[in-house]
Amino acid sequence: MSHDHEYVSNTKRIWFVFGLLSLVTTVEVFLGIYKPGFLEFNHFLGLNLLNWIFYILTIFKAYYIVWAFMHMEGEKSSLRWSVVSPVIFLVLYLLFILLTEGHYIYGVFKDSTIKWNF
């Protein structure tokens with residue numbers, strides 16, 4: 001019985017992934033606590049820039065977790081895209097629904113005699 005596979009330590013890679021995801025999370029927490037005015041009060045496509053940054057950083061973290069911990073970096077491009085494309089589509093679709101319906105509900109409660117119960 002021969003062992004042709006050589007053991008490779010992934011300690012450096014694990015610490016890199018940990019550091020990168022910790023850095024992104026720290027930036028998110030910092031922005032959530034301090035809420036810079038130039039990001040909170042400027043809007044793009046009906047949403048303030050701070051929320052766009054949160055969405056982008058969260059999607060980045062989710063993609064990187066899949067990339068690193070599900071070992072997608074070693075797969076063929078076609079397999080990566082077949083896994084990632086539906087997820088990207090669904091996230092964008094859900095984001096669209098949340099923003100559209102949230103804006104509609106806000107308009108209904110803002111301009112009517114119905115009071116906020118929640």
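We use all heavy atoms of the structure for the numbers below, so side chains are in, but hydrogens, waters and symmetry mates are not.
Both Trp67 and Leu79 are assigned to one and the same hydrophobic cluster, defined by single-linkage of ILVMFWY side chains at heavy-atom distances under 4.5 Å. There is a path of hydrophobic side-chain contacts, each under 4.5 Å, that joins Phe44 to Phe38. Both Trp52 and Val27 are assigned to one and the same hydrophobic cluster, defined by single-linkage of ILVMFWY side chains at heavy-atom distances under 4.5 Å. Note on Phe16: it clusters hydrophobically with Phe69, by side-chain heavy-atom contacts below 4.5 Å among ILVMFWY residues. Connection of Phe18 to Leu21 is not established within any shared hydrophobic cluster, with ILVMFWY side chains joined at heavy-atom distances below 4.5 Å, either directly or through further cluster members.
Note that CE of Met70 is 13.5 Å distant from CZ of Arg80, once rounded to the nearest 0.5 Å. Note that OG1 of Thr26 and CZ of Phe30 are 11.0 Å apart. Values are rounded to the nearest 0.5 Å. From Glu75, atom CD reaches atom OG of Ser82 across 9.5 Å, with rounding to the nearest 0.5 Å. For the atom pair CG of Asn51 and CG of Leu95, the computed distance is 9.5 Å after rounding to the nearest 0.5 Å. The CE atom of Met72 sits 11.0 Å away from the CH2 atom of Trp81 when rounded to the nearest 0.5 Å. Here the CG atom belonging to Leu50 is positioned 10.0 Å from the CZ atom belonging to Phe41, to the nearest 0.5 angstrom.
Residues Leu39 and Asn48 approach most closely at O-CB, 3.8 Å, considering heavy atoms.
In this structure the side chain of Tyr63 never reaches within 4.5 angstrom of the side chain of Ile88, judged on heavy atoms.
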ask   = Stepwise, does the side-chain contact (heavy atoms from CB on, under 4.5 Å) test hold for Ile53 with Leu31?
value = CA-CA 9 Å; Ile53 289 173; Leu31 289 174; 3.7 Å; yes
request  = Evaluate the criterion side-chain contact (heavy atoms from CB on, under 4.5 Å) for residue pair Val24 and Tyr64; output intermediate values, then yes/no.
outcome  = CA-CA 11 Å; Val24 173; Tyr64 199 79; over 6 Å; no
request  = With side-chain contact (heavy atoms from CB on, under 4.5 Å) as the test, would you mind laying out the steps for Phe54 and Leu47 before giving the verdict?
outcome  = CA-CA 11 Å; Phe54 286 140; Leu47 195 64; over 6 Å; no
request  = Would you sort out whether Leu49 and His43 count as a side-chain contact (heavy atoms from CB on, under 4.5 Å), showing the intermediate values?
outcome  = CA-CA 6 Å; Leu49 295 177; His43 290 77; over 6 Å; no
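Using cut-offs of 30° and 60° on the angle between ring planes, the pair Phe89 and Tyr93 is parallel.
Between Lys61 and Glu28 there is a salt bridge, since at least one side-chain N of the basic residue sits less than 4.0 Å from a carboxylate O of the acidic one.
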